[in-house]
Amino acid sequence: MANVIVVGAQWGDEGKGKITDLLSKSADVVVRYQGGVNAGHTVVVKDQTFKLHLIPSGILYPDTDCIIGCGTVIDPKVLIEELDQLGALGVSSENLLISETAHVTMPYHRLIDQASEERRGEHKIGTTGRGIGPTYADKSERTGIRMIDLMDPESLRKKLRWTVEYKNVILEKLYNLPPLDPKAVIDEYLVYADRLRSHVIDSSLRIYDAIQRKRNILFEGAQGTLLDLDHGTYPYVTSSNPVAGGACIGTGVGPTMIDRVIGVAKAYTTRVGEGPFPTELHGRIGELLGDRGAEFGTTTGRPRRCGWLDAVIGRYAVRINGLDCLAITKLDVLDELDEIKVCVAYEVDGDRSSDFPSNSRKFARCQPIYKTVPGWQQSTAHCRSLDDLPKQALNYLKFLAELMEVPIAIVSLGASRDQTIIVEDPIHGPKRALLYTNGTPNTEVANQTLEV
């Protein structure tokens, strides 16, 4: 039995959807612990592509329970659309469960989010405009609507009458927007409540029961470490805690119940929206990474900014999350390059630093210090074991593992499930060095396979 957290080790978009999907085969329960419809996972199974926003990737396994935890914020309209899309593709959602204490995104949240971002002008933070920040703000202000309220028509009517009137003052006076009709909002959300009612439960109790029965549980985060509200590149962050510690708060389990934390990182780095990005590339190579990596947001369709891998933020993610191992994704995107650069440290104000600065203004001044390694200039898409990889590709992975001081458990070489090298099953395997031991390939585990 193992309770495992999967967390993004960069600015999100690292390929957590595919890794979660792979590991879900060994999991009995998959739990989403934070974020909302601002997140997106793309999973490719054979010739079908699934784009998921709120529903955990484990939904593609019919015997796996999928739980949306209390740390998420739920837009019921989008969730129902997602359920309908999965149903049209032949995927059952009977095993989807929703925390009764998760907060609900309302129409006024979206309107305020979009209007606020527009008013920021040159100070915009790159929000998706999906109402996530305002929903979390109401949660902190203790004026939010929870799923448990949605299930109680009288409670919903009572709370929304006051709340919509209050939000209308903001919409009209601050943003010059037309007011919402409280009755129309209430009627709309009562319809959503009827559709979702059978899925809503006390999720913390259900998860605890699964732990007591020694079932394998996979905790799935959205976004990534550098977008964490407390530990990311503030203010260019999300409104929740994607880091591993957020899994406990966002699901209602104690930290002693977690057995392992897996970080997911691309073989290069991307970022969506505003904010500093020391290794960003603005030329041919950046365009090549974007084209080969299909770097467009699952949720917004926005092009992602691309750059070389940043090992400074990698080491930071290892520290902040307590990572036991890494899954490296999109290694194949680098196949055409004759040389590859990796940021090993920063130069800031004339000094060299190997640590990520918490001061955002200082981070904006950081210049990358690179180490250049040879590329392999041949396809890795067909590789299914470490022995199949070109020598330079294996050396690149070794270099990353040593730089970030964490072993590599999984290597992804494409979007499909089978385009993967499983060095060791991170759920069932022992907690030990998975790829490198003292800088040397660990041949004992180097070619273990997990059915994908």
Side-chain angles (χ1 to χ4, degrees), residues 34-40 53-54 68 70-82 98 101-196 222-223 227 229 234-240 272-275 297 299-302:
Q34 50 77 222
V37 296
N38 56 337
H53 299 277
L54 276 168
I68 301 176
C70 61
T72 61
V73 292
I74 297 172
D75 186 325
K77 179 180 180 180
V78 177
L79 177 56
I80 289 168
E81 290 173 353
E82 198 167 327
I98 304 168
T101 55
H103 280 248
V104 179
T105 296
M106 307 298 297
Y108 46 78
H109 291 134
R110 292 190 294 271
L111 292 170
I112 291 172
D113 194 8
Q114 294 160 13
S116 173
E117 180 76 344
E118 184 178 351
R119 179 160 290 197
R120 290 176 188 269
E122 64 180 18
H123 301 292
K124 64 182 180 179
I125 58 176
T127 174
T128 61
R130 303 301 177 94
I132 307 304
T135 309
Y136 277 113
D138 279 4
K139 177 179 179 177
S140 296
E141 197 179 36
R142 293 159 293 179
T143 58
I145 304 295
R146 302 191 296 175
M147 290 300 295
I148 201 167
D149 300 314
L150 202 63
M151 298 301 109
D152 182 342
E154 188 54 39
S155 173
L156 186 67
R157 289 189 182 95
K158 183 178 180 181
K159 289 190 174 187
L160 274 183
R161 283 193 196 100
W162 178 87
T163 304
V164 173
E165 289 177 3
Y166 171 67
K167 298 297 182 181
N168 278 343
V169 174
I170 298 173
L171 292 172
E172 291 181 278
K173 303 298 184 184
L174 185 58
Y175 296 118
N176 261 340
L177 293 173
L180 293 167
D181 177 357
K183 183 179 184 305
V185 174
I186 293 167
D187 290 345
E188 177 186 358
Y189 275 71
L190 286 175
V191 173
Y192 299 151
D194 288 340
R195 175 71 186 275
L196 297 174
Q223 289 96 26
L227 291 178
L229 180 60
Y234 191 90
Y236 305 103
V237 293
T238 192
S239 302
S240 59
V272 172
E274 308 300 319
T299 298
T300 64
R302 291 184 294 181

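Side chains are part of it too, since the values below use all heavy atoms of this structure and drop only hydrogens, waters and symmetry mates.
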Between CD1 on residue I80 and CG on residue L54, distance to nearest 0.5 Å:
11.0 Å
Do V191 and R195 have side-chain heavy atoms sitting under 4.5 Å apart?
no
Minimum heavy-atom distance between Y189 and P107, given as atom pair plus value:
OH-CD, 3.2 Å
Residues, nucleotides or ligands: over 12 heavy atoms within 6.0 Å of Y192 OH
yes
Taking C-beta and beyond as the side chain, do V73 and V37 meet within less than 4.5 Å on heavy atoms?
no
What distance separates N176 CG from E172 CD, expressed to the nearest 0.5 Å?
9.5 Å
Donor + acceptor pair across side chains of H109, D138 (<3.5 Å):
yes
Give the C-alpha distance, both sets of side-chain angles, the deciding distance and a yes or no for side chain to side chain contact (heavy atoms under 4.5 Å, CB included) between L190 and I186.
CA-CA 6 Å; L190 286 175; I186 293 167; 3.9 Å; yes
Under the 3.5 angstrom rule, does the side chain of E117 hit a backbone N or O of G129 as a donor-acceptor pair?
no
Among T135, D113, D75, which one satisfies side chain to side chain donor-acceptor pair (under 3.5 Å) with T105?
T135
Just how far is it from atom CG of L150 to atom CG of L156, taken to the nearest 0.5 Å?
5.5 Å
Heavy-atom closest pair, residues R130 and R110
O-CG, 3.5 Å
Let's go through L79 and H53 carefully: what are the C-alpha distance in whole Å and the side-chain angles of both, what is the deciding distance for side chain to side chain contact (heavy atoms under 4.5 Å, CB included) to 0.1 Å, and is it a yes or a no?
CA-CA 8 Å; L79 177 56; H53 299 277; over 6 Å; no
Where do G35 and S240 come nearest, in terms of heavy atoms and distance?
N-OG, 3.6 Å
Show the nearest heavy-atom pair for residues L177 and L111, with the distance to one decimal.
CD1-O, 4.3 Å
Starting at CG of L160, measure out to CD of E165 and round the result to the nearest 0.5 Å.
11.0 Å
Measure the spacing between CE of M147 and CG of D149 and express it to the nearest 0.5 Å.
10.0 Å
Are N168 and Y108 close enough, and set up right, to give a side chain to side chain contact (heavy atoms under 4.5 Å, CB included), and what steps lead you there?
CA-CA 8 Å; N168 278 343; Y108 46 78; over 6 Å; no
A side-chain contact here means heavy atoms from C-beta on lying under 4.5 Å apart; do Q34 and Q223 qualify?
yes
At their closest point, which heavy atom of L229 faces which heavy atom of S239, and how far apart are they?
CD2-O, 3.8 Å
Is E118 atom CD crowded by more than 12 heavy atoms from other residues, nucleotides or ligands, each under 6.0 Å away?
no
Quick check: do V104 and P76 have side-chain heavy atoms less than 4.5 Å from each other?
yes
Can you check side chain to side chain contact (heavy atoms under 4.5 Å, CB included) on I74 and H103, steps first, answer last?
CA-CA 6 Å; I74 297 172; H103 280 248; over 6 Å; no
Side-chain contact test, heavy atoms from C-beta onward, threshold under 4.5 Å: evaluate it for L180 versus L171 and give yes or no.
yes
Between R146 (side chain only) and C70 (backbone N and O only), is there a donor and an acceptor less than 3.5 Å apart?
no
Taking atom CD1 of I145 and atom OG1 of T163, what is their separation to the nearest 0.5 Å?
4.5 Å
In terms of relative ring orientation, are W162 and Y166 parallel, tilted or perpendicular, with 30° and 60° separating the classes?
parallel
